[in-house]
Amino acid sequence: MAKPKKATLFNAHVPKAETPMEKTTRVVREMVNEEAEQRQIKNARLRKTRLERDAKAPSEASPPKPAKKR
């Protein structure tokens with residue numbers, strides 16, 4: 001049986017370097033996720049404001065128009 005060498009016993013796992021394509025993909029995903037989060041916050045704020053406005057405003061139903069006689 002061969003005696004294990006020090007270099008083979010303690011192989012440190014070296015992380016693979018990030019390629020330029022992976023870096024670009026990561027940055028773009030972060031940007032898209034941030035934009036989506038901001039859009040959801042804005043939509044929630046606008047929805048809340050609209051619902052509050054609708055709750056305060058009296059119901060303004062227009063009366064039905066009479067049918068024209070021929």
Side-chain angles (χ1 to χ4, degrees):
M1 180 171 189
K3 193 171 186 180
K5 296 181 180 178
K6 189 176 188 179
T8 58
L9 284 178
F10 301 105
N11 257 350
H13 178 66
V14 179
K16 187 174 90 172
E18 189 175 39
T19 65
M21 180 64 105
E22 290 170 338
K23 182 178 180 181
T24 303
T25 302
R26 178 180 50 81
V27 170
V28 169
R29 283 188 181 158
E30 289 173 2
M31 290 170 49
V32 169
N33 289 341
E34 179 67 28
E35 290 173 0
E37 182 179 334
Q38 293 297 324
R39 189 172 49 250
Q40 288 175 350
I41 292 170
K42 179 182 175 183
N43 285 343
R45 180 178 51 83
L46 292 173
R47 182 178 298 116
K48 179 182 174 191
T49 304
R50 179 178 40 102
L51 291 174
E52 288 174 355
R53 183 193 66 211
D54 290 347
K56 290 179 183 177
S59 177
E60 297 179 12
S62 60
K65 295 183 180 180
K68 292 185 179 181
K69 294 183 180 178
R70 293 186 183 190

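Ion pair E35/R39 not flagged as a salt bridge, since none of the NZ, NE, NH1 or NH2 atoms sits closer than 4.0 Å to an Asp/Glu carboxylate oxygen.
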- Go through the steps for E22 and R26 under the test salt bridge (charged side-chain N to carboxylate O under 4.0 Å, His left out), then give the verdict. CA-CA 6 Å; E22 290 170 338; R26 178 180 50 81; over 6 Å; no

- Message: Show, in sequence, the C-alpha distance, side-chain angles and deciding distance for T49 and R53, and conclude whether the side-chain contact (heavy atoms from CB on, under 4.5 Å) test is met.
- Response: CA-CA 6 Å; T49 304; R53 183 193 66 211; 5.6 Å; no

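Summarising the geometry, atom OG1 belonging to T24 is positioned 7.0 Å from atom CE belonging to M21; distances are rounded to the nearest 0.5 Å.
Under the side-chain contact (heavy atoms from CB on, under 4.5 Å) rule, K48 has a single partner from R45, E52, R50, which is E52.
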